[in-house]
Amino acid sequence: MVDRMIRATKADVALYEEAEATPTLQNEAVTIVAIVAVIGALGSLVVGAATGSGVGSALVGAIFQGIAVMVGYFLWSYIAFFVGTRLFNGTADYGELLRTIGYAQSPNVLSFIPCIGFLAALWSLWLSVVAIRQALDFDTGKALLTSLVGFIVYVILLAIVGSVFGVGAAALGAVGR
């Protein structure tokens, strides 16, 4: 797994082709994202503790961070699949996007290191374009367009979900007063 993560981080096209073509790598790709989620959750816990937000609040934030990474991965993979196949005529199935995008998250294992974590996130973003390009079997331009349109859809969905949960949380807060 570590060897494939290193190859993914180097934007090794052969690795992304292997991930696309090998359904048995699905669990490994999800494991990579789960590792990133745990690292993100631990980072959130440390930040929460360092800022004095309280143990309970820091723990809730850490759990939310871990869940958000996993849900975001599955959602982003589906959006990239949908946009890439429907709008730009890419050829892939959802599993191919899950696997390639999972490997593209490899640099994010460094997200716990200040400054390096930001650079790792940017690198992972570029690798996601590589993953989308390889999985959908089209050029970099279409992969970038898929990412851009997909990102807009993703943000809209997050805004809707955030609004629903925000209104619900506000209503619950008002009831509790």
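For this chain, numbers begin at 1 and follow the sequence in order. As the structure is a computational prediction, the values presented were derived from the model and not from experiment.
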| Val129 reachable from Ile132 in the ILVMFWY side-chain graph, under 4.5 Å edges | yes

| field | For Asn89, side chain to side chain donor-acceptor pair (under 3.5 Å) partners two or more places apart | value | none

| message | Please tell me whether Tyr103 and Val38 are part of a single hydrophobic cluster in this structure, the criterion being side-chain heavy atoms less than 4.5 Å apart. | response | no

| said: For residues 79-101, which residue pairs pass the salt bridge (charged side-chain N to carboxylate O under 4.0 Å, His left out) check, not counting sequence neighbours? | reply: none

| request: Return the set of residues passing side chain to side chain contact (heavy atoms under 4.5 Å, CB included) with Leu122 (not counting sequence neighbours), or none when no residue passes. | output: Phe118

| query | Is Trp126 close to Val130 at the side-chain level, that is, under 4.5 Å between some pair of heavy atoms? | reply | yes

Can you give each donor-acceptor pair under 3.5 Å made by side-chain atoms of residues 140-154, sequence neighbours left out, with the distance rounded to 0.1 Å?
residue : atom : partner : partner atom : Å
Thr140  : OG1  : Arg133  : NH1          : 3.0
Thr146  : OG1  : Lys142  : O            : 2.8
Ser147  : OG   : Ala143  : O            : 3.0

| note | Sorted by chain and number, sequence neighbours left out, salt bridge (charged side-chain N to carboxylate O under 4.0 Å, His left out) with Glu20 holds for none

| From CZ (Phe74) to CG (Leu97), nearest 0.5 Å | 13.0 Å

| Those residues that, when tested against Thr31, pass side chain to side chain donor-acceptor pair (under 3.5 Å) (two or more places apart) | none

| query | Would Thr91 and Thr85 satisfy side-chain contact (heavy atoms from CB on, under 4.5 Å), going step by step from the backbone distance to the final call? | reply | CA-CA 6 Å; Thr91 56; Thr85 58; over 6 Å; no

| task | For Ser111, check side chain to side chain contact (heavy atoms under 4.5 Å, CB included) against everything at least two apart and list the hits. | result | Ile39

| Min side-chain heavy-atom separation Phe82-Leu87 under 4.5 Å | no

| request: Taking salt bridge (charged side-chain N to carboxylate O under 4.0 Å, His left out) as the test, write out the residues that go with Glu17, two or more places apart. | output: none

| field | Which residues share a ring pair (Phe, Tyr, Trp, His ring centres under 6.0 Å) with Phe81, sequence neighbours left out | value | Tyr78

| Leu110: side chain to side chain contact (heavy atoms under 4.5 Å, CB included) partners, not counting sequence neighbours | Ile113, Ile116, Ala120

| query | Which atom names give the shortest non-hydrogen contact between Gly66 and Ala37, and what distance separates them? | reply | O-CB, 3.6 Å

| message | Quick one, Val30 and Tyr73 - any side-chain contact, counting heavy atoms below 4.5 Å? | response | yes

| In Å, rounded to the nearest 0.5 Å, how long is the span from OG1 of Thr100 to CG of Leu136? | 7.5 Å

| For Ile6, side chain to side chain contact (heavy atoms under 4.5 Å, CB included) partners two or more places apart | Val2, Lys10

| query | Below 4.5 Å, heavy atoms only, C-beta onward: do Leu127 and Pro107 meet side chain to side chain? | reply | yes

| Under the side chain to side chain donor-acceptor pair (under 3.5 Å) test, residues paired with Ser124 that sit two or more places apart | Gln105, Asn108

